[in-house]
Amino acid sequence: MISYTFEKWRYDDQSPTELIIVFTDKKNIGLEELLNVEGFAITLDDILVKIELVISGESVIEEIGTERSLAEIKEDTTTIYDLFEELVPEEEANPTIKIATLELKEIILDYQKHLKLFGEKE
């Protein structure tokens, strides 16, 4: 099981406070990039839809991503790639991550629950 916490975060003094997910092991930075989607064209619900398409058997593989991270979702395993891998020095590239697809779904659902609670407190 991948360990994570939730933290309040602000881009700058004028920005609203947001709740972000932070993974204990920094090798999971690509997963952080994928799930902290505030300001991107995708949502956590979009990722869940892709997961459901694969789990239900409607699709064999689905892809979704942000400007930096791309998730390749298959029935058993989701692989998250760094789209900057060829553009940045090797030491700055996020490692490729493999996570059980059902575990990814559980993490997203937990994150959504915490986001809802955070929104109700704000």
Side-chain angles (χ1 to χ4, degrees):
M1 187 85 176
I2 294 177
S3 177
Y4 57 91
T5 61
F6 302 101
E7 295 180 6
K8 293 179 181 179
W9 180 83
R10 289 175 68 175
Y11 180 73
D12 59 32
D13 291 341
Q14 284 74 42
S15 300
T17 302
E18 300 173 30
L19 189 69
I20 61 170
I21 190 167
V22 177
F23 291 88
T24 308
D25 188 339
K26 287 303 161 193
K27 75 175 184 176
N28 293 313
I29 188 71
L31 187 52
E32 256 178 53
E33 285 272 340
L34 180 70
L35 299 183
N36 290 316
V37 294
E38 186 68 33
F40 289 105
I42 67 167
T43 66
L44 294 173
D45 283 332
D46 294 333
I47 300 169
L48 287 173
V49 166
K50 300 284 189 176
I51 290 171
E52 288 304 321
L53 286 170
V54 172
I55 290 172
S56 71
E58 287 183 56
S59 179
V60 175
I61 186 171
E62 290 288 327
E63 293 182 338
I64 191 165
T66 62
E67 67 182 30
R68 178 133 193 194
S69 294
L70 175 70
E72 181 182 85
I73 304 165
K74 296 181 181 175
E75 184 178 3
D76 294 325
T77 305
T78 296
T79 306
I80 301 165
Y81 301 97
D82 184 352
L83 295 175
F84 289 7
E85 188 172 34
E86 301 295 323
L87 305 174
V88 297
E90 186 175 332
E91 63 274 1
E92 293 178 24
N94 296 336
T96 297
I97 302 160
K98 290 190 181 278
I99 181 173
T101 300
L102 289 177
E103 182 178 7
L104 176 59
K105 179 181 176 181
E106 290 173 15
I107 291 169
I108 293 170
L109 292 172
D110 189 39
Y111 188 18
Q112 286 183 318
K113 180 180 77 175
H114 281 81
L115 285 168
K116 184 175 188 232
L117 292 170
F118 178 74
E120 290 172 357
K121 291 180 184 177
E122 289 296 300

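Residue indices begin at 1 and follow the sequence shown.
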Asn36 side chain to Ile21 main-chain N or O, any donor-acceptor pair under 3.5 Å? yes
Grab the two heavy atoms, one from [X] and one from [Y], that are nearest each other, plus how far apart they are.
{"X": "Ala71", "Y": "Thr78", "answer": "CB-CG2, 4.0 Å"}
{"X": "His114", "Y": "Leu19", "answer": "O-CD2, 3.5 Å"}
{"X": "Glu62", "Y": "Val54", "answer": "CG-CG2, 3.7 Å"}
{"X": "Tyr4", "Y": "Thr24", "answer": "N-OG1, 4.0 Å"}
{"X": "Leu35", "Y": "Tyr111", "answer": "O-CE2, 3.3 Å"}

For the hydrophobic clusters of this structure (ILVMFWY residues joined by side-chain heavy atoms under 4.5 Å, transitively), does one cluster hold both [X] and [Y]?
{"X": "Ile80", "Y": "Leu109", "answer": "yes"}
{"X": "Ile51", "Y": "Leu115", "answer": "yes"}
{"X": "Leu44", "Y": "Leu102", "answer": "yes"}
{"X": "Val37", "Y": "Ile73", "answer": "yes"}
{"X": "Leu48", "Y": "Ile61", "answer": "no"}

Taking atom [atom1] of [X] and atom [atom2] of [Y], what is their separation to the nearest 0.5 Å?
{"X": "Lys105", "Y": "Ile99", "atom1": "NZ", "atom2": "CD1", "value": "13.5 Å"}
{"X": "Glu72", "Y": "Lys98", "atom1": "CD", "atom2": "NZ", "value": "7.5 Å"}
{"X": "Leu34", "Y": "Asp82", "atom1": "CG", "atom2": "CG", "value": "11.5 Å"}
{"X": "Glu18", "Y": "Arg10", "atom1": "CD", "atom2": "CZ", "value": "10.0 Å"}
{"X": "Lys50", "Y": "Ile47", "atom1": "NZ", "atom2": "CD1", "value": "10.5 Å"}
{"X": "Thr101", "Y": "Asp76", "atom1": "OG1", "atom2": "CG", "value": "7.0 Å"}

Under 4.5 Å between side-chain heavy atoms, chaining through other members, with only Ile, Leu, Val, Met, Phe, Trp and Tyr counted: pull out the rest of the cluster around Leu53, sorted by chain and number. Val49
Applying side-chain contact (heavy atoms from CB on, under 4.5 Å), run through Glu33 and Glu67 and close with a yes or a no. CA-CA 9 Å; Glu33 285 272 340; Glu67 67 182 30; 5.8 Å; no
With a 4.5 Å cut-off on side-chain heavy atoms, are Phe23 and Ile107 touching? yes
Are the side chains of Glu32 and Ile20 in contact, using a 4.5 Å heavy-atom criterion? no
Taking side-chain hydrogen bond (donor to acceptor under 3.5 Å, both in side chains) as the definition, give me every residue that meets it alongside [X], ordered by chain and number, with sequence neighbours left out.
{"X": "Thr66", "answer": "none"}
{"X": "Ser69", "answer": "none"}
{"X": "Asn28", "answer": "none"}
{"X": "Thr43", "answer": "Asp46"}

Chi angles and distances behind the side-chain contact (heavy atoms from CB on, under 4.5 Å) call for Ile2, Asp25: CA-CA 8 Å; Ile2 294 177; Asp25 188 339; over 6 Å; no
Holding to salt bridge (charged side-chain N to carboxylate O under 4.0 Å, His left out), I want the full list of residues that pass it with Glu75, two or more places apart in sequence or in another chain.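 Listed in chain order: nothing, the list is empty.
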